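Dropping a structure here in structure tokens format, bear with me for questions.
Fair warning: this is a prediction, and the values are worked out from it, not measured in the lab. As a basis for the values below, the full set of heavy atoms in this structure was taken, side chains included, without hydrogen atoms, waters or symmetry mates.
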Amino acid sequence: MKRFIGFVKKEFYHIFRDKRSLFILFGMPIAQILLFGFAITNEINNVDIAILDQSNDIETQKIIYKIKASPYFNVENQIEKESDIESEFKKGKIKAVLIFEPNFSKNLETKKVAVVQAITDATEPNVANTIANYTSAIIQNYQSQKKQSNSNSVKVEVQSRMFYNPELKSVFNFVPGVMTVILMLVSAMMTSISITREKELGTMEILLVSPLKPFQVIIGKVFPYIFLSIINAIVILTLGYFVFKMPINGSIFLLAFESILFIISALSLGILISTVSNSQQTAMMLSLMGLMLPVIILSGFIFPINSMPLPMQVISNIIPAKWFIIIVKAIMLKGVGIQYIWKETLILIGMTVFFITLSIKKYKIRLE
């Protein structure tokens, strides 16, 4: 154990002597969070929504039919009561709920005004804002058709509410995304480079013939990056909370557990890359092309997954970052517990076990 601790200390000294690596490790999270303050507007397609029809008359059915016919929305289910709305949002399946007030048709005939309320999940503010705008456009189209067929002037008001992010701050979407990218960068890329550096210098064989066991060498190599990744996660969350006022409504212990789980998952990916790489340049290219771009494009960080082509949606399911972003948003913004994110957690655990098992198998073959 003394030899192992000494080896870990040596790795820390090696990292802290490399000023450029330290700049990447600790400067990039701060720079990215401060720079990702710009809103990115994207079109949406096939967004899952739910409907609470408290009137259930012919006019509400006409509007619901128009919504179902729209390429922008998929009516996932019908909600029976208002108390079920928040639980549906916490499941993470739907992005909006449309509520038709009681006596909708009667209010159109007597008061000439009826109300449709659109409640959106604003953990993704640009998507929430777009959903509200699209909903208003569909209602206005119905209203114009109603005027053409009826000389009496009627008006349908759309009242929008934004859950979890009422001010539509785009940083509420970027902080979880940047946190995911940075953890992947530190855990996977830097780890794969660290091990391939030993291969390039020819010192890996020296480590393997030392009194340390092979698995101790590997753990000692990657342990500092677990520690540094945890520090980065704390820095990102601290900046998000104090600078951008991003709430942490859920359990901080659950968030810490999920973050460490994702770090280990990314770490196992880095080890896996190192087994097939003979040089730092190869490891860097594999990390950038095989991990970084999918994390940014296919994780839901910037582009809504539901709006992607079906093959891309299927591919996104094998990206660990997708599930981690869902988990972080659910904990920080929705304040949910494990009962609402157990599926995503199990998927992340399964991926982690798979990558670790494959990495150990690969290393056994290499070390024999």
Side-chain angles (χ1 to χ4, degrees), residues 4-5 7-8 11-12 15 21 24-26 28-29 176-196 213-237 250-277 283 286-287 290-292 294-295 299 301 317-332 338 341-364 366-367:
F4 175 73
I5 295 175
F7 179 70
V8 172
E11 289 299 317
F12 272 111
I15 293 173
S21 296
I24 294 174
L25 290 174
F26 297 110
M28 189 173 292
V178 171
M179 180 177 176
T180 303
V181 171
I182 294 301
L183 292 182
M184 183 67 75
L185 173 70
V186 174
S187 301
M189 186 184 299
M190 303 303 287
T191 303
S192 64
I193 293 174
S194 172
I195 296 176
T196 52
K213 300 292 185 181
F215 76 90
Q216 289 179 314
V217 174
I218 296 170
I219 294 175
K221 271 287 184 184
V222 300
F223 180 81
Y225 294 101
I226 297 178
F227 178 76
L228 293 173
S229 297
I230 293 174
I231 293 178
N232 270 320
I234 295 173
V235 170
I236 293 170
L237 292 175
S251 169
I252 190 67
F253 298 104
L254 179 60
L255 181 60
F257 167 76
E258 299 287 355
S259 299
I260 295 174
L261 175 61
F262 179 71
I263 289 170
I264 297 174
S265 176
L267 192 64
S268 62
L269 272 174
I271 297 173
L272 193 57
I273 290 174
S274 71
T275 63
V276 297
S277 304
L286 287 175
S287 299
L291 297 179
M292 297 303 298
V295 166
S299 64
F301 170 28
N317 290 325
I318 65 174
I319 307 297
K322 169 190 173 180
W323 307 107
F324 182 64
I325 288 178
I326 293 173
I327 290 171
V328 171
K329 288 182 178 179
I331 295 175
M332 296 184 68
I338 191 65
I341 55 174
W342 63 268
K343 183 183 73 172
E344 290 81 4
T345 303
L346 285 180
I347 292 174
L348 209 54
I349 291 174
M351 289 182 174
T352 303
V353 172
F354 172 77
F355 291 136
I356 290 177
T357 303
L358 191 59
S359 299
I360 293 175
K361 184 178 180 181
K362 288 283 185 180
Y363 262 103
K364 283 183 178 179
R366 290 250 172 161
L367 295 174

Contact between M332 and L237 at the side-chain level, heavy atoms closer than 4.5 Å - yes or no?
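A side-chain contact exists here, since the closest heavy-atom pair is under 4.5 Å.
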Quick one: CD1 on I231 to CD1 on I236, what's the gap to the nearest 0.5 Å?
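Answer for the CD1-CD1 pair, I231 versus I236, is 12.0 Å.
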Separation between CD1 of I318 and CE of M351, rounded to the nearest 0.5 Å:
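The CE atom of M351 is 7.5 Å from CD1 of I318, to the nearest 0.5 Å.
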Give the intermediate values and the outcome of side chain to side chain contact (heavy atoms under 4.5 Å, CB included) for residues M184 and F324.
CA-CA 11 Å; M184 183 67 75; F324 182 64; over 6 Å; no
Side chains of W323 and I326, heavy atoms from C-beta outward: is any pair under 4.5 Å?
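The answer is yes, as the side chains (C-beta and beyond) meet within the 4.5 Å cut-off.
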Does any non-hydrogen side-chain atom of I341 lie less than 4.5 Å from one of L254?
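Counting from C-beta outward, L254 and I341 do come under 4.5 Å.
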For a quick test of reading the model, state the closest non-hydrogen atom pair linking P320 to F355 and the distance between them.
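Here P320 and F355 meet closest at CG-CE1, 4.1 Å.
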Taking every non-hydrogen atom, the tightest pair across I325 and P176:
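Between these two residues, the closest heavy atoms are CG1-O, 4.3 Å.
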State the CZ-CD1 distance between F227 and I230, to the nearest 0.5 angstrom.
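The CD1 atom of I230 is 8.0 Å from CZ of F227, to the nearest 0.5 Å.
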With a cut-off of 3.5 Å and sequence neighbours excluded, list every side-chain donor-acceptor pair involving residues 257-267.
unit_1 : atom_1 : unit_2 : atom_2 : d
E258   : OE2    : T345   : OG1    : 2.7
S259   : OG     : L255   : O      : 2.8

